[in-house]
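A short write-up of the structure that comes next.
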Number of protein chains: 4
Amino acid sequence: MTRPQPDSQKPKRRKAARPGEIIEAGLQEFATKGLAAARLEDIAKRAGIAKGTIYRYFDSKEELFMAVVRSRVVLSLDQFEETVANFPGKTDALLKLVLTHFYKQFVGNEISGVIRILIVEGPRFPDLVELYHREVTSKGVTILSHIIKRGIERGEIRDGPAAREPRLIMAPTIMAVLWGLTFQAQDPIDIEQYLNAHIDMILHGLSA
Amino acid sequence: MTRPQPDSQKPKRRKAARPGEIIEAGLQEFATKGLAAARLEDIAKRAGIAKGTIYRYFDSKEELFMAVVRSRVVLSLDQFEETVANFPGKTDALLKLVLTHFYKQFVGNEISGVIRILIVEGPRFPDLVELYHREVTSKGVTILSHIIKRGIERGEIRDGPAAREPRLIMAPTIMAVLWGLTFQAQDPIDIEQYLNAHIDMILHGLSA
Amino acid sequence: MTRPQPDSQKPKRRKAARPGEIIEAGLQEFATKGLAAARLEDIAKRAGIAKGTIYRYFDSKEELFMAVVRSRVVLSLDQFEETVANFPGKTDALLKLVLTHFYKQFVGNEISGVIRILIVEGPRFPDLVELYHREVTSKGVTILSHIIKRGIERGEIRDGPAAREPRLIMAPTIMAVLWGLTFQAQDPIDIEQYLNAHIDMILHGLSA
Amino acid sequence: MTRPQPDSQKPKRRKAARPGEIIEAGLQEFATKGLAAARLEDIAKRAGIAKGTIYRYFDSKEELFMAVVRSRVVLSLDQFEETVANFPGKTDALLKLVLTHFYKQFVGNEISGVIRILIVEGPRFPDLVELYHREVTSKGVTILSHIIKRGIERGEIRDGPAAREPRLIMAPTIMAVLWGLTFQAQDPIDIEQYLNAHIDMILHGLSA
DNA sequence: AATGAATGAGGCTTCATTCAT
DNA sequence: AATGAATGAAGCCTCATTCAT
């Protein structure tokens, strides 16, 4: 994505950026149409290159597809572990912080395209699913688990059935993502209000 | 799947059942592979007929696809309106009843295949999305809204932000469906425990 | 090659003959142009069918290629074993008989196309080479060996170095085949005269 | 193959030798794979240069191909005319000398690759065929004809049918070349023994 | 009505050739 | 002169659709 402008006056070529641009174009097409329906010609056109050029960087359509998914797996959740560990305030403030971040990461973002891709093509690419689960999903769940544990220790979270399913806390986020991908036209979500309601629900749902 | 034998003497063919069997087979293939990657030949084989026969009942692959989605749109939610309207007990019992029903309808069921289909192919078939939203999604939301309204009137539900987003109540169900479709191998969901946690969360999250 | 005319008035279709016709067309194209340069479209056109039809009978271009070679491997040499074993006359008559037959089989015949194919594509298809060697070449050599052995026993063939290399006896045949494929325009072979010279040479070369 | 170091101080590049090295590399690839299947990239790699550099020396793949064939057409047969004209000894010694030389020239040598090339691609390159015939084949035949004529005059060769087909004398050589290219794995030729048998056969086959 | 062989458009992939550096 | 990235024409192959039986 970073395009180092060469110091020439004509920034026509940016060789080093090619693979990234192809991946970018591929993400758009794959996310919209799926693996089979996306055409390499369209991806090339979108990347501003010729069809054959893709093959200089990726061995096949499938390889490009996998590269696209992998490229968006690197989620900046790692920093959050620290944030959560050192957070000084109350659980509701922490939850607000984390959930807000999740929304920014996912909703209306290109990450939602990756999620759509995984839902559909997952069965044919178990490696990608496994990768995504390991690097993104399970990390998110772990963070939520830590928040819950911390909240229980602080006496702010009720140690009941809901506290044992951290995935429940993400559920509204995931649904918002998919709702946006699917029913946006019929029934849009007001993200701000939805996020507030989400936090409100979780805080009361878990509070001691 | 049940094949009612016609009272003819030669029970080898049941013409009337053909379209349904093709739709059934199509659902399996489309849900697993998506519209583009599913092959009519495989659908035919699964339905126990020849490829050309599909065209006796459907004009094209897309027509079959739409028929498949439409066939699963008829959700038995209508009855619930009445149930909710006449329910004598407390809100938590009513919620338990409805959510349990939702899980039975969706999770691990072929409906989840339709949901997957819609998530992916939705952009190319806005009519189907609109249909599904109108017939299924919005009906479900309406039912939940009524439950919430009823709960507030009965003083059992807190009239806060969470009460204004009935979609929040379904979110864990949707997530369970997609989680099952995607991460089942890596990280299965114990549906019973998850449902209990879900209800626990909602009841506390909404309770007055 | 045999085309059983259906008893319909329009002999438009001969399903059973299709694979044979494709192989026939493939032989022409492969023999003339080689595997890589032959185009499936041309083969189809030559066979009077559409490109895709080839794939109903053969999985790939390579499979067709192998089928083409295999189809011409069945050489009617087996009968000769008997002929040689029971031949009543002198060695020169027997040799004349066998060599004449070899010429009829190879020279100017489509078998020469197969030989050309094998010479070029052999390295990539060791199985075909092995098959051809086993079914055709080694059988021919065996027959010649038997003739030599019989001639020595009858005192008609000199038991010298030449008698120990039966391949020498076929050599002029092979060369005639390749000469015909290559230098026919510049320097044609008068097959009749060449065959006579060949026999003359061998008989004297081997005679006691 | 010998790379004469230019007297420049930087011996890393020897431009003058480039075309020859490309031709050398091309011969290997074309002989092994044929014109269509050989890849310029592989030829370049084998020559230790970049793909584009080939076009500095040859206009197209076909031009390179023709150059490859032409480069191996220059056969040192000319000297033999003299040798034969002035040979003092008997015909069998002369034949032995010439045939031995033929074997050295052809068998197991890269010339066999050229022969393979011509057999396959000949129809598309009549000029090359004509060239090869004129410069190599017909010269060889002429030499053999002279030997035969000389032998007849000396009363050492029988003036029969075999004497009128000098190509017969080369046939075992050609066959040995092709056998080596094709059936070497299944059924190798012991060249020494084969050559002896060949000479034995010819001498007796032609002797008066 | 059913079949499945045949068609041919469309998309992936290769690679000779070009071209900017 | 050399490089190797980029191009795009061409060919293999798939599969939705048609059609003769």
Side-chain angles (χ1 to χ4, degrees), chain A residues 6 8 10 12-16 18-19 36-44 47-64, chain B residues 12-13 15 18 35-45 48-65, chain C residues 6 8 10 12-16 18-19 36-44 47-64, chain D residues 12-13 15 18 35-45 48-65:
Chain A
S8 86
K10 290 177 192 171
K12 247 194 278 183
R13 300 277 153 189
R14 315 116 297 178
K15 291 177 199 172
R18 273 288 153 74
R39 292 168 55 229
L40 282 184
E41 183 129 32
D42 293 339
I43 294 174
I49 58 176
K51 211 177 4 164
T53 305
I54 294 175
Y55 285 85
R56 182 154 299 281
Y57 301 100
F58 304 95
D59 283 345
S60 68
K61 194 186 187 184
E62 277 200 9
E63 288 291 335
L64 171 58
Chain B
K12 64 176 165 177
R13 295 279 156 195
K15 294 169 190 176
R18 276 286 159 72
L35 172 57
R39 294 169 55 220
L40 282 185
E41 182 127 35
D42 293 339
I43 294 173
K45 201 171 294 170
I49 58 175
K51 197 169 31 160
T53 307
I54 293 176
Y55 285 84
R56 181 81 35 195
Y57 300 100
F58 303 95
D59 283 345
S60 68
K61 194 188 190 183
E62 280 199 6
E63 287 293 333
L64 171 58
F65 177 78
Chain C
S8 85
K10 289 177 194 170
K12 248 195 279 182
R13 301 275 154 188
R14 313 115 301 179
K15 291 178 199 171
R18 274 287 153 73
R39 293 167 54 229
L40 282 185
E41 183 129 32
D42 293 340
I43 295 174
I49 58 176
K51 212 178 0 168
T53 306
I54 294 175
Y55 287 85
R56 182 154 298 280
Y57 301 99
F58 305 95
D59 283 346
S60 68
K61 193 187 189 184
E62 277 201 8
E63 287 292 334
L64 171 58
Chain D
K12 65 176 164 174
R13 297 278 158 195
K15 294 170 191 179
R18 274 287 160 74
L35 172 56
R39 294 170 54 218
L40 282 186
E41 183 126 34
D42 293 338
I43 294 173
K45 201 171 295 171
I49 58 175
K51 196 168 36 159
T53 307
I54 294 176
Y55 284 85
R56 181 81 36 197
Y57 301 99
F58 303 95
D59 284 344
S60 69
K61 194 188 192 185
E62 279 200 7
E63 288 293 333
L64 170 58
F65 178 78

Protein-nucleotide distance ([X], atom [atom1]; [N], atom [atom2]), rounded to Å:
X: A/Ile54; N: E/dT13; atom1: CD1; atom2: P; answer: 10 Å
X: D/Leu35; N: E/dC15; atom1: CG; atom2: P; answer: 13 Å
X: D/Tyr55; N: F/dT7; atom1: OH; atom2: P; answer: 17 Å
X: C/Ile43; N: F/dC13; atom1: CD1; atom2: P; answer: 11 Å
X: A/Asp42; N: E/dG10; atom1: CG; atom2: P; answer: 13 Å
X: D/Glu63; N: E/dA16; atom1: CD; atom2: P; answer: 15 Å
X: A/Arg39; N: E/dG10; atom1: CZ; atom2: P; answer: 9 Å
X: D/Arg18; N: F/dT3; atom1: CZ; atom2: C1'; answer: 11 Å

In Å and rounded to the nearest 0.5 Å, what is the NZ to CG distance from B/Lys51 to B/Leu40?
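Those atoms lie 8.0 Å apart.
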What is the distance from atom CD of C/Glu63 to atom OH of C/Tyr55, rounded to the nearest 0.5 Å?
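Reported value, rounded in 0.5 Å steps: 11.0 Å.
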Contact class for [X] vs. all strands (heavy atom < 4.0 Å): base, sugar-phosphate, or nothing?
X: D/Arg56; value: base
X: B/Lys61; value: sugar-phosphate
X: B/Ala38; value: sugar-phosphate

Ranges pairing with ranges for DNA chain E, where each run has three or more Watson-Crick or G-U pairs under 3.5 Å:
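Output for stems: E:2-21 with F:2-21.
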Taking for each residue the nucleotide of DNA chain F with the nearest heavy atom, is it B/Glu62 or C/Asp59 whose nucleotide lies nearer the 5' end?
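Nearer the 5' end of the strand: C/Asp59.
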Name the residue closer to the 5' end of DNA chain F, choosing between C/Leu40 and B/Leu40 according to the nucleotide with the nearest heavy atom.
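Result of the comparison: C/Leu40.
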Only counting residues at least two apart or in another chain, list the ones meeting side-chain contact (heavy atoms from CB on, under 4.5 Å) with C/Thr53.
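If we apply the side-chain contact (heavy atoms from CB on, under 4.5 Å) test to C/Thr53, skipping adjacent residues, the hits are C/Ile49, C/Ala50, C/Tyr57.
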Which nucleotide in the set [options] lies at the smallest distance from any side-chain heavy atom of [X]?
X: D/Lys51; options: E/dT17, F/dA16, F/dC12; answer: E/dT17
X: A/Ala50; options: F/dT7, F/dA16, E/dA16; answer: F/dT7
X: A/Ser60; options: E/dT13, E/dG11, E/dG10; answer: E/dT13

Partner residues of D/Arg56 under the side chain to side chain donor-acceptor pair (under 3.5 Å) criterion, sequence neighbours left out
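Partners of D/Arg56 by the side chain to side chain donor-acceptor pair (under 3.5 Å) criterion come out as none, since no residue qualifies.
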Sequence-distant partners of D/Lys61, salt bridge (Lys or Arg N to Asp or Glu O under 4.0 Å), two or more places apart:
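With neighbours one apart ignored, the set is empty.
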Quick one: salt bridge (Lys or Arg N to Asp or Glu O under 4.0 Å) partners of C/Glu62, sequence neighbours excluded?
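C/Glu62: salt bridge (Lys or Arg N to Asp or Glu O under 4.0 Å) contacts with C/Arg124.
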Both B/Gly52 and C/Thr53 contact DNA chain E. Taking the nearest nucleotide for each, which residue is further toward the 5' end?
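Comparing both residues, the 5'-ward one is B/Gly52.
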I want to check one thing: is the phosphate of F/dA1, taken as OP1 and OP2, less than 4.0 Å away from some side-chain N or O of D/Tyr57?
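Answer no for this pair, as no side-chain N or O of D/Tyr57 is under 4.0 Å from OP1 or OP2.
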